[in-house]
Amino acid sequence: MLGSHPSLSLSLSQSLLHFGLSFSAKFSPSSPPSLSKIWYWVFGFIIFQLTQYPEPHPAYKGNKSQSCHRAWLGGFTGELYLGQEEGHRSFSLILTKATAKCLGFSKRNTEREMSSSMRKKVQKKCKIRGYTLELDAIDEILSFESEFSNDSALDDPVDILLDLLATQPIKDKETVHCIATRILGADAAINETPDGDGDDVIRASDLLIIDAFKVPKFRYDPIKKVFYKHTGSLPMHGDAFSKAALYKDRFLLLSQMLSRHKDFSKPAFDSELSDFGRCEISPIQSLIGQTGRRWVMGLISQLEDGHFYLEDLSASVEINLSNAKITAGFFVENTIVVAEGEMLLEGVFQVFNCGFPPLEGRDKSLQFLAGHDSFGSGTLTEQETLRLAKLEREAVNGNVVILSDIWLDNEEAMGKLERVLDAFENEDFVPCLFVLMGNFCSHPCNLGFHSFSNLRSQFGKLGQMIAAHPRLKEGSCFLFIPGPDDAGPSTVLPRPSLPKYLREELQNHIPNAIFSSNPCRMKFGSQEVVFFRQDLLYRMRRSCLMPPSTEETTDDFEHLVATITHQCHLCPLPLIVQPIIWNYDHSLYLYPTPHTIVLGDRSEQKAFKYTGITCFNPGSFSSDGAFVVYRPDNQEVELSSL
């Protein structure tokens, strides 16, 4: 049928339109009826094939002895014999209307076939990659494909989208939309013409400070094996369920990482074993009645005085660590470990090897999060990310100066601070950020402290000192983070920012000063930085169940870094040693691992790079005159002192 070929119908209809009109003009009323009849019948049949009118002529609707198409054709040819002169006019009118309808029908049919062809093409590409998408996800891909022209910088945007989609555990409409937005932003950034304004200075708007109480909370679902965002309220005073959920969420976070590790995941087919063999994790509940060595994962707890246990989500078992060989790190209560051992007849699990769960790379964790923003900085478009990365590399004022222990009531400490400010005031380019971490008083601001009015005035003097350096006041930002002994509601973590009463006078002199929580997070271009002020090293050493191993390192700071990174937590101490707000324990997570961790501690100034993570302690400024100049773009740490 001609009607089934839109391109043929379109070209034939256009030819018929011109030929039919010229034919009608040539025939006069005196033309032989037989010749007119033949031509009318031929044109009527061709137009019938092209248009496929569904309804017969009204005169033949009641005639059931003939088919619908034959009745329509008879009615069409009969209508042409209403009269010679009237027939010529009817023929021209019908031919024009039929041809116009055929043109519109052909255009719609062509678009429909093109859309159907593209849909089949996308489904075929998905089938080749081994997954099936829902209809709404296919529609999202088709909408994405229509955004690209032939001169786009991307060769085949659909293939790029599907390749990126293959790395995501969930393949639905939202995931497709997220990836499509990133690709569209990257394509716009590639095709964007530089404005040539030479703006290579980092401003306050390019720095994002995230308060601990603003960090979004994500939980892991072990059934669906995905992270989901907690949408309910987070009261400051949680119930008993909140405390139990604190330990459960920590365990599930490390458990899902361990399940993807090549040495601890059960392979579907036989594969080469590691040096330790296949370390398949067994639930603690399954140890009953088992013989031989087993690998378990659990949280170290002291359920009875002098007796330590290993707990997971199924059961608990008493452990003996006297002959255990351990890895680097501080093993304290509440830390989650992976242990190899065997059950004794007394019902005690004898541990032979014990270590922290292996650390997962940042890129792998981000892929598994499937686009969720666990850091709290928000989701940036690809274009904005490229702009910030370029600014981060080319900025002339990209230095960050970090000082800890600024005792405002100590004249010697204030004199040191003024010398530092004078030095940076005379630099060619002032630093973009000064981070001042507590304690801000040489005496603990506890219940026995009664000099809050003096402390308020001392903050005002600090504001005057900064304002006396106009280049720093205009070109630098100042971030204030409270210390463990500063004024606040309690010593519980996370700590809120300094009280408004203390900082009012300083803000009158430095309006752009930022007061944040402890800990807090910063997004510096494409770099993620975590600030934490706590005398953690001293407290971890006091809480150790056994002396740390000396095989890998003898440096306590390196043991501390290994502990918090493998635990994915800034403070894995027992809650009786360091209380934590149960509903905000997620704000201390280090998952995915950030680029830089700043551990403000009163111990010796140190810097250590561990598995690609830059960690350093700026030292105590008031005691030792120590501080750090840090450049995030290349993660360069310059240990300085007066």
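Along the sequence shown, residues carry numbers from 1. What you see is a predicted model; the values in this text were computed from it and never measured.
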Applying side chain to side chain contact (heavy atoms under 4.5 Å, CB included), run through H443 and D409 and close with a yes or a no.
CA-CA 9 Å; H443 304 286; D409 59 341; 3.8 Å; yes
Stepwise, does the side chain to side chain contact (heavy atoms under 4.5 Å, CB included) test hold for L408 with M414?
CA-CA 6 Å; L408 303 181; M414 295 300 288; 3.7 Å; yes
When you look at N617 and Q605, which way does the side chain to side chain donor-acceptor pair (under 3.5 Å) test go after all the steps?
CA-CA 5 Å; N617 169 27; Q605 187 183 51; over 6 Å; no
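Here the side chains of Y220 and Y228 are not in contact, with every heavy-atom distance at 4.5 Å or above. Contact check for Y247 versus I336: no side-chain heavy atoms found under the 4.5 Å cut-off. A 4.5 Å side-chain heavy-atom check between L359 and I613 finds at least one atom pair inside the cut-off. By the 4.5 Å heavy-atom criterion applied to side chains, H566 and Y610 are counted as neighbours. Looking at heavy atoms from C-beta onward, F308 lies in side-chain contact with E333 at the 4.5 angstrom threshold. In this structure, T611 and T565 have side chains that are not in contact, with every pair of non-hydrogen atoms separated by 4.5 Å or more. Using a 4.5 Å heavy-atom threshold, the side chains of V598 and F532 count as separate. The closest side-chain heavy-atom distance from I597 to T614 is not below 4.5 Å.
No donor-acceptor distance shorter than 3.5 angstrom exists from the side chain of D555 to the backbone of H559, with no hydrogens or angles considered. Using modelled atom types, no side-chain atom of D624 and backbone atom of A626 make a donor-acceptor pair closer than 3.5 Å. Listed for the E360 side chain is no donor-acceptor partner under 3.5 Å among the backbone atoms of K364. Of the possible polar contacts, none joining the S543 side chain to the V332 backbone as a donor-acceptor pair under 3.5 Å is found. Distance alone, capped at 3.5 Å, is enough to place a donor-acceptor pair between the H586 side chain and the V215 backbone. No donor-acceptor pair under 3.5 Å is formed between the side chain of T554 and the backbone N or O of T550. Between the side chain of S365 and the backbone N or O of G361 there is at least one donor-acceptor pair closer than 3.5 Å. Of the possible polar contacts, one joining the N518 side chain to the P482 backbone as a donor-acceptor pair under 3.5 Å is found. In this structure, the side chain of D601 engages the main chain of L537 through a donor-acceptor pair within 3.5 Å. A distance-only check finds no donor-acceptor pair linking the side chain of D363 to the backbone of L366 [under 3.5 Å].
Under the 6.0 Å distance and 45° angle rule, R293 counts as a cation-pi partner of F352. Judged by a 6.0 Å distance limit and a 45° cone about the ring axis, R541 is not positioned over the six-membered ring of F330. In this structure, R503 satisfies the cation-pi test against F515, with its NZ or CZ atom closer than 6.0 Å to the six-membered ring centre and inside 45 degrees of the ring normal. Geometrically, R521 does not engage F531 in a cation-pi contact, judged by NZ or CZ lying under 6.0 Å from the ring centre and within 45° of the ring axis.
Here the two rings, on H372 and F218, have centers that are under 6.0 Å apart.
Heavy-atom minimum distance, R250 versus C571: NH2-O, 4.4 Å. When every heavy atom of M297 is checked against every heavy atom of P357, the shortest pair comes out as CE-CG, 4.3 Å. Taking all atoms of both residues into account, the shortest heavy-atom contact from S404 to R533 is OG-NE, 3.2 Å. Of all heavy-atom pairs between L502 and L455, the closest is CD1-CD2, 3.9 Å. Shortest non-hydrogen contact noted between F368 and Y591 is CD2-OH, 4.4 Å. Taking every heavy atom of both residues into account, H595 and S526 meet most closely at CE1-O, 3.4 Å.
In this pair, F331 and F356 present their aromatic rings parallel. The plane angle is below 30°, not in the 30 to 60° band. Ring-plane geometry between F627 and F621 is classed as perpendicular, the angle between the planes exceeding 60 degrees on a 0 to 90 degree scale with a lower cut at 30. Taking the six-membered ring where tryptophan is involved, the planes of F616 and Y630 are tilted, since the angle between them lies from 30° to 60°.
Rounding to the nearest 0.5 angstrom, the gap separating the NE2 atom in H450 from the SG atom in C445 is 11.5 Å. The line from CG of D211 to OG of S516 is 4.5 Å long, rounded to the nearest 0.5 Å. Considering CG of N454 and CZ of F459, their distance stands at 13.0 Å, rounded to 0.5 Å. Going from atom OG of S242 over to atom CG of N583 covers 4.0 Å, rounded to the nearest 0.5 Å. Atom CE in M540 sits 4.5 Å away from atom OG1 in T563 (nearest 0.5 Å). Within the model, atoms OG of S603 and CG of L560 stand 8.0 Å from one another, a figure rounded to the nearest 0.5 Å.
Remark: R294 does not engage E340 in a salt bridge, criterion side-chain N to carboxylate O under 4.0 Å. Using a 4.0 Å cut-off between a side-chain N of Lys or Arg and a carboxylate O of Asp or Glu, E638 and R631 do not qualify as a salt bridge.
Applying the side-chain contact (heavy atoms from CB on, under 4.5 Å) test between I210 and each of S587, S377, P216 identifies S377 as the sole match. Looking at I300, V577, L575, L246 one by one, the single match for side-chain contact (heavy atoms from CB on, under 4.5 Å) with N334 turns out to be L575. Tested against I209, the residues V435, V529, L479 include a single side-chain contact (heavy atoms from CB on, under 4.5 Å) partner, L479.
Counted by atom type alone, E311 and S301 present one or more donor-acceptor pairs between their side chains at under 3.5 Å. There is a side-chain donor-acceptor pair under 3.5 Å between Q534 and Q578. Side-chain N/O atoms of D405 and S622 include no donor and acceptor closer than 3.5 Å. S517 and R495 are not linked by any side-chain donor-acceptor pair at a separation below 3.5 angstrom, with hydrogens and angles left out of the test.
Residue Y538 qualifies as open at atom OH: its count of foreign heavy atoms under 6.0 Å is 12 or below. The number of heavy atoms from other shown groups lying within 6.0 Å of NZ (K248) does not exceed 12. Q290 CD: more than 12 foreign heavy atoms inside a 6.0 Å radius. Counting heavy atoms of neighbouring residues, nucleotides and ligands inside a 6.0 Å radius, atom CD of E604 does not exceed 12 of them. Within 6.0 Å of the CZ atom in R260, the count of heavy atoms belonging to other residues, nucleotides or ligands exceeds 12.
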